[in-house]
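Every number for a ligand or one of its atoms is a count from 1 in the order of the listing. The shown structure was predicted, so the numbers you read here are calculated from the model rather than taken from an experiment.
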Amino acid sequence: MGFEHGEDAGVYRISKGLALVQTVDFFTPVVDDPYTFGQVAAANAFSDIYAMGGDPLTCLNIVGFPIKRWDISVLRRILEGGLSKIHEAGAVLVGGHSVDDEELKYGLSVTGLIHPDRVVTNGGAKPQDRLILTKPLGTGIIATALKGGMASEDAVARITESMTALNKSPSELMRKIGSNACTDITGFGLLGHALEMAAASNIGMIIDSSKVPLFAEAEGYAGKGLVPGGTRSNREFFSCKVDVKGQLSPVLLDILWDPQTSGGLLISLPPERAENLVEKLHRKGCGTAAIIGEVVAGPVGRIIVQ
Ligand code: CO
Ligand code: CO
């Protein structure tokens, strides 16, 4: 299974009962504290494995570091932060590679295990399914406010808590209860990744914007124009496939397009199981997880936002 349908990770079957699931992700810092950045980058890298229903096994560090300008202790803190998440995931670090780089970058290549018959793709959503989002949106907007020195301490603490949270228990709950499709929300924002799922699954979606969990401060910052460039490019690239019904604030739409770092899972599952999963997610620490919409037979590959 490769990348033709925008799958989150590649899957390679080794035997009847065992397949490898592999992914890689790295980026430049989104927060100031090195240890926290390491945690965010690692949690983000695991997400593609969790979205597919896999269990991370081994990790390799990927590092770009400005060795002439920055003290090596900064890199040590980043790697320690990453390692704390590798341990929490129950995986092991088996090596890595670093290069001298103008700009700091860190992330992981992750290899996980999965049963070949139990791979959760983004292509299995069915009409009448409910759509569940496990983390609030707005990390891109709040990180932009942080870079501009305009974010409140509170807002930064909340996105940090969210971005460092592994999608491990949502993935395990999803597997236990049973889902039809899943993907993680990252750079393309909620609507971009939902559109990928709609296209891969040959279905349409209705998203109820009033049900989508958001970080409280995101609306205020977006209203002041603190919107990352990625939000605009997501909207320009994908909005021809989205129909907005009724009076929706442009700020709220910006948040639906906002690129997320280490975002939550978008899970599509039959309606009779949806409430059960939301309840269990709430009990496992995903306090804002919510049903945000449903799958419809058509128009195929399009989303109605209301
Ligand atoms: Co992904
Ligand atoms: Co990814």
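D48 contributes atom OD1 as its closest N/O/S atom to the Co ion (ligand 1). Looking at D184, its N, O or S atom nearest to the Co ion (ligand 1) turns out to be OD1. For D8, the N/O/S atom at the shortest distance from the Co ion (ligand 1) is named OD1.
Salt bridge D55/R175: present, at least one basic N to carboxylate O contact under 4.0 Å. Between K85 and E88 there is a salt bridge, since a side-chain N of the basic residue sits under 4.0 Å from a carboxylate O of the acidic one. With salt bridges taken as basic N to acidic carboxylate O contacts below 4.0 Å, one links R235 and D254.
Counting heavy atoms from C-beta on, the side chains of S109 and I62 come closer than 4.5 Å.
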